[in-house]
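Given the structure is predicted, the values throughout are model-derived calculations rather than measurements.
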Number of protein chains: 2
Amino acid sequence: MPDHNTRFKDFLELRGFKLTRSRKLILDAAFELHEHFDAEKLHDSLKGLNVSLATVYRTLPLLLDAGLIQLAMRSEGRDRFEHILGHPRHVHWICENCKQVFETNLDELVPRIEVAAKAQKFEINHINISISGLCWKCRINANESQ
Amino acid sequence: MPDHNTRFKDFLELRGFKLTRSRKLILDAAFELHEHFDAEKLHDSLKGLNVSLATVYRTLPLLLDAGLIQLAMRSEGRDRFEHILGHPRHVHWICENCKQVFETNLDELVPRIEVAAKAQKFEINHINISISGLCWKCRINANESQ
DNA sequence: ATCCTTAATGAGAATCATTTGCAACCAGCT
DNA sequence: AGCTGGTTGCAAATGATTCTCATTAAGGAT
């Protein structure tokens, strides 16, 4: 059984929630999508399996709480998630022009953030770093059209 | 004339937009609120001045583009902004329990981010760092109630 | 100062992601 | 197998944000 399955099972048990068919399907779908996804895309990937969009929305907070997925960003009016188990934390670089998202690792920044957390006795659950601007391709295009 | 006013004026001129009564009022209101605000709060602070909520929504992107405000975070389904002219960039620490927001400066992290940007030829326009978890007060309460 | 052109506004309707109410269902325990 | 309370699918509701459109008002030209 994959790691994320046992983790979800344990999480639900601890909270007194039930491991249902829909929840299992949603979790698996989230780990089969190897790109950012929103509620609708996740639901689409379950087409034909009779899982309602409402249940997808109801399950997303559980996956977040369980530390299985994280909110990658909000764009075009929707929340976009990504699964994180086994994935290193990373920074999101979002091009404001072409909307593409790039990722880099976050390792160098973490120790400094942890020092700041300790100083104010803050218990970190989640770090979100996103940087918006122009990717190299769009910079070139912007200069050409001047 | 305060700095933010001339900056907004110049920005609008450059883009061929008009400096209207509503826009002036909205800008001033944004700089009078010394806390995070969402569209509705900003609109409330203009009560009686006959500025419509739609215009507040229409002006927010202009203030963002002009670099006068920034999106501080999204919480409880709303976008929260803060004015930034003259304010140092900072990290947001958000307590998931009491929803309070704390701020620390960002100075130590910036140089490292800039190195990463240079490596991928990314032009940074905006850096957003928010960290969620538990503030020290809520940690204590959480432990007590176990 | 008045005209003119066109962007901008206020008010309300429309949109659309996300939530919720509810009756039927089923996971997990006895 | 029977209970029981959490869970679901569906449809309707919600609520932040956007859009429509008739009217108004910047700001350049006269």
Atom [atom1] of [X] and atom [atom2] of [N]: how far apart are they, to the nearest Å?
X: B:Phe17; N: C:dT6; atom1: CZ; atom2: C1'; result: 13 Å
X: B:Glu13; N: D:dG28; atom1: CD; atom2: P; result: 8 Å
X: B:Leu60; N: D:dA16; atom1: CG; atom2: C1'; result: 12 Å
X: B:His43; N: C:dA11; atom1: NE2; atom2: C1'; result: 11 Å
X: B:Glu40; N: D:dT18; atom1: CD; atom2: P; result: 15 Å
X: A:Leu12; N: C:dA27; atom1: CG; atom2: C1'; result: 11 Å
X: A:Leu53; N: D:dT8; atom1: CG; atom2: C1'; result: 13 Å
X: A:Phe11; N: D:dG6; atom1: CZ; atom2: P; result: 16 Å

Would you say a side-chain N or O of [X] is under 4.0 Å from OP1 or OP2 of [N]?
X: B:Arg78; N: D:dG15; answer: no
X: B:Thr20; N: C:dA7; answer: no
X: B:Asn50; N: C:dA11; answer: yes
X: A:Tyr57; N: C:dT19; answer: no
X: B:Ser52; N: C:dT9; answer: no
X: B:Arg80; N: D:dA16; answer: no
X: A:Ser22; N: D:dG9; answer: yes
X: B:Arg58; N: C:dG10; answer: no

Fill in: Touch class at under 4.0 angstrom, heavy-atom based, for B:Asp38 against every strand present
nothing

Worksheet item: Touch check for A:Arg15, heavy atoms < 4.0 angstrom, all strands: base, sugar-phosphate only, or nothing?
Response: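 It contacts nothing in the nucleic acid.
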
Worksheet item: Under a 4.0 Å N-O cut-off, is there an ion pair linking B:Arg74 with A:Asp79?
Response: no

Worksheet item: Are A:Lys118 and A:Glu114 close enough for a salt bridge, meaning some N to O gap below 4.0 Å?
Response: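 Salt bridge absent between A:Lys118 and A:Glu114.
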
Response to the item:
Taking every heavy atom of B:Cys138 against every heavy atom of B:Asn97, the minimum-distance pair comes out as SG-OD1, 3.1 Å

Item to complete: Would you confirm whether B:His92, through its side chain, and B:Ala72, through its main-chain N or O, come within 3.5 Å as a donor-acceptor pair?
Response: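 It does hold such a pair.
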
Which nucleotide, [options], lies nearest any side-chain atom of [X]?
X: B:Ala39; options: C:dT18, D:dT17, C:dT9; result: D:dT17
X: B:Arg74; options: D:dA16, C:dA11, D:dC10; result: D:dA16
X: B:Lys18; options: D:dT17, C:dA27, C:dA7; result: C:dA7
X: B:Leu19; options: C:dG28, C:dT9, D:dG27; result: D:dG27
X: A:Arg21; options: C:dA27, D:dG27, D:dT7; result: C:dA27

Discussion item. Under a 3.5 Å cutoff, is there a donor and acceptor pairing between the side chains of B:Glu82 and B:His90?
Written reply: yes

Worksheet entry | Cluster overlap A:Trp93 with A:Phe81, hydrophobic side-chain contacts below 4.5 Å |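 Shared cluster, no.
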
